[in-house]
Amino acid sequence: MSSSKKTKTSSDTCEKLRFYPGWLAGNEEEFLCRMAEKGWMLKSIHGDTVYRFEKTAPAKKIFAVEFLGKRPSVAEEIAEDCNAGWDYLG
């Protein structure tokens, strides 16, 4: 089960500490969609657990979370996804 803990918040930024197993990617996608609907857009992820958000206008967004691991083709897969219009926040 994923869990979330707020670490820091200011008027225009927010950090949350998240722990989740890779097989619960759908939970993370839902979490990121809810945050965007509240006006917090994911800016970056650090160390696989610290999610940094910035304040934006509330919006409906679609997020995709994928566990990439250490496969040799990861860089090519990321490039293909970015060329298809996705943003890599890695």
Q | Shortest non-hydrogen contact from Met41 toward Ala36 | A | CE-CB, 4.0 Å
Q.
I need the Glu54 CD to Asp12 CG distance, nearest 0.5 Å.
A. 8.0 Å
(Q) Nearest 0.5 angstrom please: Tyr51 OH to Glu28 CD, how far? (A) 4.0 Å
Q: Enter the distance from Cys33:SG to Leu42:CG here, rounded to the nearest 0.5 Å.
A: 11.0 Å
**Q.** side chain to side chain contact (heavy atoms under 4.5 Å, CB included) involving Lys38 - partner list, sequence neighbours excluded
**A.** Trp40
Q: In sequence, state the C-alpha distance, the side-chain angles, and the governing distance for Lys16 and Cys14, and then conclude on side-chain contact (heavy atoms from CB on, under 4.5 Å).
A: CA-CA 7 Å; Lys16 290 194 177 262; Cys14 174; 4.1 Å; yes
Q: List in chain and number order the residues that pass side-chain hydrogen bond (donor to acceptor under 3.5 Å, both in side chains) with Thr56, two or more places apart in sequence or in another chain; answer none if no residue qualifies.
A: none
Q | Separation of Glu15 CD from Phe53 CZ (nearest 0.5 Å) | A | 10.0 Å
Q | Residues in side-chain hydrogen bond (donor to acceptor under 3.5 Å, both in side chains) contact with Glu37, at least two apart in sequence or another chain | A | Lys60
Q: Look up atom OG1 in Thr13 and atom CZ in Arg52, then write down how far apart they are to the nearest 0.5 Å.
A: 9.0 Å
Q.
To the closest 0.5 Å, what do you measure between CD (Glu76) and CG (Asp81)?
A. 12.0 Å
